[in-house]
Amino acid sequence: MISIIAFVLALQITYSTLPPLVAAATMACNNSPSLCDRAWSNTTQLGCHNSPFVRDATTDWSYSGNQYYNTTVQLSAGVRFLTGQMHYVNTTANLHLCHSSCDLLDAGTVSNWLSDIKTWLDDNPYDVVTLLLTNDDDVSTDDIATEFADSGITKYAYTPTDVDAPPADGVWPTLAELINNGTRLITFIGSLESVSSSASYLLDQDTFIFSNSYDYTNLTSFSCSPASPSSVAGSVSAALDADLLPLQNHYVYTEEGLGIEIPDVTDIYTTNAPSSSSNSSTGSLGQSAQVCAAEYGRAATFLVVDFFNIGPAIDTVDTLNGVTDVTGRSTTSTAILTTSDAVRFGHEFLSMKALLLIAATGMYFMI
Ligand SMILES: *[C@@H]1O[C@H](CO)[C@@H](O)[C@H](O)[C@H]1NC(C)=O
Ligand SMILES: *[C@@H]1O[C@H](CO)[C@@H](O)[C@H](O)[C@H]1NC(C)=O
Ligand SMILES: *[C@@H]1O[C@H](CO)[C@@H](O)[C@H](O)[C@H]1NC(C)=O
Ligand SMILES: *[C@@H]1O[C@H](CO)[C@@H](O)[C@H](O)[C@H]1NC(C)=O
Ligand SMILES: *[C@@H]1O[C@H](CO)[C@@H](O)[C@H](O)[C@H]1NC(C)=O
């Protein structure tokens, strides 16, 4: 009897000293139990380039779309890094996610998109999501913070101890620490006008991340060389010495003439392929990821692609992370989604719109 009581007491003590939430061996962080104790910065996350800009029936198969599936589907399929572009529409009262110009593709307000991500985070308590929003319209930090507050997502926002410099040795918290603290959203803005004390979770991209070029027009021209920030351009050692995290862009544009570039679908099965050894893999995601990992002495933190479902691109990420115990992902078709009418009309529609915009603004478009 006494020994049973002692046993029960021992059990209770064991349980009460376990850390909350991420404790059981069966728990998966970002879809894998073996990632829980890894630093967030020391995992590779699949990124969707221009996550909100979708090429499907909801956008009349827009050629400005970089993904076939919306942000919620991306997250459920294992994507953990989302990029997008913020633009003012008409006045500074409307902050939307638009592709180059809101006349080309307007994916709605920033706060609506953030609400969708917040809902997904509510439903997936062991997942950490990272955002990178570009800011070519010089949107004020206050205006960005208003969108975040309106969406309700700020309760998940992580703020590092120092918002003006990367953590020492580039080591960020582990996924389990972020999950246990409930701070499962990390947000970078490129670029942030000013650090706000009331919205210090909005982090300046160039302070924490370096990236290769994003403008490739063929599969032989990918490069791992840092293109931004300018302070480390061309120097991998300078970027790593500054404890910046590697972001690897891996997507291709097709030149349409007159300076118009659209996401390249023709080569997408090669572009996103996980293969890394055969000769036919030149320019594949798997090969490029290995080349950059060798140059950096570590795999990229963010591996960013168009049409993420093709490949599937997540296979390359699993290889880089060395995980074989993936769980909790929904499967997504690995096919190009299109109809012949969509191709024809989408193409003509985009070309006409882009030409009108070029005539009106004198701007060229990479979309
Ligand atoms: C990073 O992850 C690798 C496994 O891919 C592990 O061997 C290494 O110890 C980790 N480093 C840190 C600093 O967490
Ligand atoms: C995303 O796409 C899925 C599948 O088409 C759809 O069920 C869902 O409503 C969409 N979500 C949003 C927020 O648009
Ligand atoms: C911007 O202005 C145009 C033209 O007046 C109008 O059609 C559109 O609805 C406006 N957009 C927003 C988000 O206010
Ligand atoms: C988690 O929260 C505690 C208490 O607020 C804080 O001391 C600790 O630094 C947080 N850890 C991380 C990784 O943010
Ligand atoms: C590939 O693109 C690069 C620039 O991105 C260009 O210099 C090169 O000529 C292109 N090669 C081919 C075969 O088109």
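Everything numeric here is computed off the predicted structure, so don't read it as measured data. For ligands, and for the atoms within them, numbers begin at 1 and follow the listed sequence. Sequence positions, counted from 1, serve as the residue numbers for this chain.
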Here's a test for you: under ring pair (Phe, Tyr, Trp, His ring centres under 6.0 Å), which of Tyr156, Phe148, Tyr158, Phe188 qualifies with Tyr201? Phe148
For the backbone of Val89 and the side chain of Asn94, can you confirm whether one donor and one acceptor N or O come within less than 3.5 Å of each other? yes
Any N/O of His96 closer than 3.5 Å to an N/O of ligand 3? no
Does Asp116, backbone or side chain, put an N or O under 3.5 Å from an N or O of ligand 2? no
So the atoms of ligand 3 within less than 4.0 Å of a heavy atom of Asn94 turn out to be 12 (C), 13 (C), 14 (O)
Roughly how far apart are Phe222 CZ and Asn249 CG, rounded to 0.5 Å? 9.5 Å
Does the Asn124 side chain pair with the main chain of Trp120, one donor and one acceptor, at a distance under 3.5 Å? yes
Around ligand 5, what residues show up once you keep those with a heavy atom under 4.0 Å from it? Thr217, Asn218, Ser221
Relative to the ring of His49, is the ring of Tyr253 parallel (under 30°), tilted (30 to 60°) or perpendicular (over 60°)? perpendicular
Check Thr174, Thr301, Asn30, Thr130 against Trp40 for a side-chain hydrogen bond (donor to acceptor under 3.5 Å, both in side chains) and give me the one that passes. Thr130
Result for ring pair (Phe, Tyr, Trp, His ring centres under 6.0 Å) between Tyr68 and one of Phe307, Phe308, Trp61, Phe53 points to Phe307
